[in-house]
There are 2 protein chains.
Amino acid sequence: MTDTVRPGRAERVAKLPPRERILDAAEELFHSEGIRGVGVQAVADRAGTTKAALYRHFGTKDALVAEWLLIVAAEYASAFDGIEERWRDDPRAQIRGVAAFVADGLSALSHRGCPFVNSLAELPDPSHPARQVIEAHKARQLRRLTAMCVGAGLADPEEAAAEITFALEGAQVSVQNGSVARVGERVVALVDAVIAWHGP
Amino acid sequence: MTDTVRPGRAERVAKLPPRERILDAAEELFHSEGIRGVGVQAVADRAGTTKAALYRHFGTKDALVAEWLLIVAAEYASAFDGIEERWRDDPRAQIRGVAAFVADGLSALSHRGCPFVNSLAELPDPSHPARQVIEAHKARQLRRLTAMCVGAGLADPEEAAAEITFALEGAQVSVQNGSVARVGERVVALVDAVIAWHGP
DNA sequence: ATGTTACGGTACCGACCAGTCCCACACGAT
DNA sequence: ATCGTGTGGGACTGGTCGGTACCGTAACAT
């Protein structure tokens, strides 16, 4: 009775090559359970493949972690692209769009915070291959935010971008421990205030 | 020649009872290497004692983690006490004092961020004994910050306290990845701006 | 002197870890 | 038909993990 035509989870993604399935599984498990809390066997199992295939493609757990974060960084970057595209000549609205994007991400159920921040907490070794991915992503994000602040004509764009970064990161952290309520609205309000504060 | 009178690290703290030495070792190792990255054997070694003694006192690694965080929370609380005492009838200065306190903590070399946030990233299990310690601490800190905002006569103290919390948490996160410069000054500036923004 | 207690030391357990190896099978190209 | 390649399956290694049990001893109270 279990072998009906209804495709199970493993079969739904069975059409993708093993490499993509492994990355999907890593995405899900690393984010929800933590990197060190997930063994490569568990990743291979959820991907419907084996450890051998995993090591054939990535060579190392650390490399898999780095590649996973690289994909997440690309997703963030394309979200930024969409925001810049949508409010093409209104940098102020772009900044608000970024804040709204983060606020939306907060409502994801059982939110575990920013994958980069969590990974940073789990990987204290500065030579870990994932570290440069994280730092590059954060630096790039700050650069884009700074460019938006420049475009918005803010008096001190670097300062404003830094403060907005604090707000966004802080909101993602605060949503993990349930102390602060209505985090989404409040981070948007704070970013708005920062824009107004530095505005022309 | 190695058994001179110069006391080694183990002897410097040898006067403290084993329980305190274990907690000191846990503090150091858990914070710098991460909870899951440190074995109980390593904690016992650095404490100059044995795993047996560690388990006699704490029963479980998880319990040791919880007790460590309890101590850190108490240290934060007493720092808040000192700040409230120092600017006894100037709540606005108290808030700035909190921001300066956090900013000072950022300059600690090889800063690994807030132990509570890092632990949260490492302990996704909501039933972990350390989780309630973390949540209680964060809630308490927000409550005290809100009280300061009330005392300062801010228009919307809950909102202001939440935004200040975002700023402080975000600064601690941002200092881990070196993307943002001058984090200390900037978080103080942001908190100042929030006060002014909500102020009467 | 005697008993109690906490201590340091160590051997040990079962479980899990990252990583390796070999095998049988399905496929596509020639 | 044959070959090479990537695959899923599983056994295996060496090491580390959290946690337990046992022992001899030093400190202290009585």
Side-chain angles (χ1 to χ4, degrees), chain A residues 3 7-26 29-30 32-69 119 122-125 127-130, chain B residues 3 7-26 29-30 32-69 119 122-125 127-130:
Chain A
D3 51 339
R9 209 199 85 89
E11 302 193 34
R12 263 188 287 117
V13 291
K15 293 301 178 59
L16 286 78
R19 191 169 202 279
E20 321 302 322
R21 283 180 296 166
I22 291 169
L23 283 169
D24 281 352
L29 291 176
F30 286 156
S32 65
E33 309 284 339
I35 295 169
R36 289 207 260 225
V38 175
V40 289
Q41 180 68 66
V43 176
D45 286 350
R46 176 170 283 246
T49 181
T50 61
K51 280 207 297 179
L54 189 152
Y55 278 98
R56 246 178 262 130
H57 281 287
F58 301 97
T60 285
K61 182 185 182 181
D62 291 342
L64 172 60
V65 172
E67 205 130 352
W68 158 56
L69 289 175
S119 299
E122 282 201 283
L123 308 174
D125 178 10
S127 69
H128 192 287
Chain B
D3 51 339
R9 209 198 86 89
E11 302 194 34
R12 263 188 286 118
V13 291
K15 293 299 177 61
L16 284 79
R19 190 169 202 280
E20 322 301 323
R21 283 180 306 179
I22 291 170
L23 283 169
D24 281 352
L29 291 176
F30 286 156
S32 66
E33 308 285 339
I35 295 169
R36 289 207 259 226
V38 174
V40 290
Q41 180 69 67
V43 176
D45 286 350
R46 175 169 285 244
T49 180
T50 61
K51 279 209 296 179
L54 189 153
Y55 278 97
R56 247 178 260 131
H57 281 288
F58 300 97
T60 284
K61 182 185 182 182
D62 290 342
L64 172 62
V65 172
E67 206 130 353
W68 159 54
L69 289 176
S119 300
E122 282 201 283
L123 309 174
D125 178 10
S127 68
H128 193 287

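Below, read A as the first sequence line, B as the second, and so on, with proteins coming before strands; counting in each chain starts at 1.
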Between [atom2] of [N] and [atom1] of [X], the distance in whole Å:
X: B:Leu123; N: D:dG18; atom1: CG; atom2: C1'; value: 15 Å
X: B:Glu20; N: C:dC7; atom1: CD; atom2: P; value: 11 Å
X: A:Leu16; N: D:dT7; atom1: CG; atom2: P; value: 13 Å
X: B:Lys61; N: D:dG19; atom1: NZ; atom2: P; value: 8 Å
X: A:Arg56; N: D:dG8; atom1: CZ; atom2: P; value: 8 Å
X: A:Leu54; N: C:dC17; atom1: CG; atom2: P; value: 13 Å
X: B:Ile22; N: D:dG19; atom1: CD1; atom2: C1'; value: 14 Å
X: B:Phe58; N: C:dC7; atom1: CZ; atom2: C1'; value: 15 Å

Stepwise side-chain contact (heavy atoms from CB on, under 4.5 Å) check, B:Tyr55 with B:Val40: CA-CA 9 Å; B:Tyr55 278 97; B:Val40 290; 3.7 Å; yes
Is there a side-chain contact between B:Leu54 and B:Thr49, using heavy atoms and a 4.5 Å cut-off?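 Not in contact.
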Just so I know, are the side chains of B:Leu16 and B:Asp24 near enough to count as touching, which here means a heavy-atom distance under 4.5 Å? yes
Short side-chain to backbone donor-acceptor contact, A:Glu67 and A:Leu23, under 3.5 Å: no
Is the backbone N or O of A:Glu122 less than 3.5 Å from a side-chain atom of B:Arg36, with the two atoms forming a donor-acceptor pair by type?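 Here the side-chain-to-backbone pair does not exist.
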When the axes are fitted on five pairs at both termini, how much does the helix from C:dA1-D:dT30 to C:dT30-D:dA1 curve, in 10° steps? 10°
So, does the side chain of A:Lys51 form a donor-acceptor pair with the base of C:dG19 at under 3.5 Å?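 Under the 3.5 Å cut-off, the side chain and the base do form a donor-acceptor pair.
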Presence of donor-acceptor pair under 3.5 Å, side chain of A:Arg19 and base of D:dG6: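 Under the 3.5 Å cut-off, the side chain and the base do not form any donor-acceptor pair.
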Under a 4.0 Å heavy-atom cutoff, the residues of residues 32-42 of chain A touching DNA chain C are A:Val38, A:Gly39, A:Val40
Are A:His57 and D:dG6 close enough that a side-chain N or O sits under 4.0 Å from OP1 or OP2?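 No, no such contact exists.
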Within the pair A:Thr50 and D:dG9, is there a side-chain N or O less than 4.0 Å away from OP1 or OP2? no
Hey, could you give me the [atom1]/[atom2] distance between [X] and [Y], rounded to the nearest 0.5 Å?
X: B:Lys51; Y: B:Ile22; atom1: NZ; atom2: CD1; answer: 12.5 Å
X: A:Asp45; Y: A:Thr50; atom1: CG; atom2: OG1; answer: 9.5 Å
X: B:His57; Y: B:Glu20; atom1: NE2; atom2: CD; answer: 9.0 Å

For A:Thr60, what residues pass the side-chain contact (heavy atoms from CB on, under 4.5 Å) criterion, not counting sequence neighbours? A:Asp62, A:Ala63
When you get a sec, tell me which of C:dA18, D:dG8, C:dC7 is the closest nucleotide to the side chain of A:Tyr55?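 Out of C:dA18, D:dG8, C:dC7, the nucleotide with an atom closest to A:Tyr55's side chain is C:dA18.
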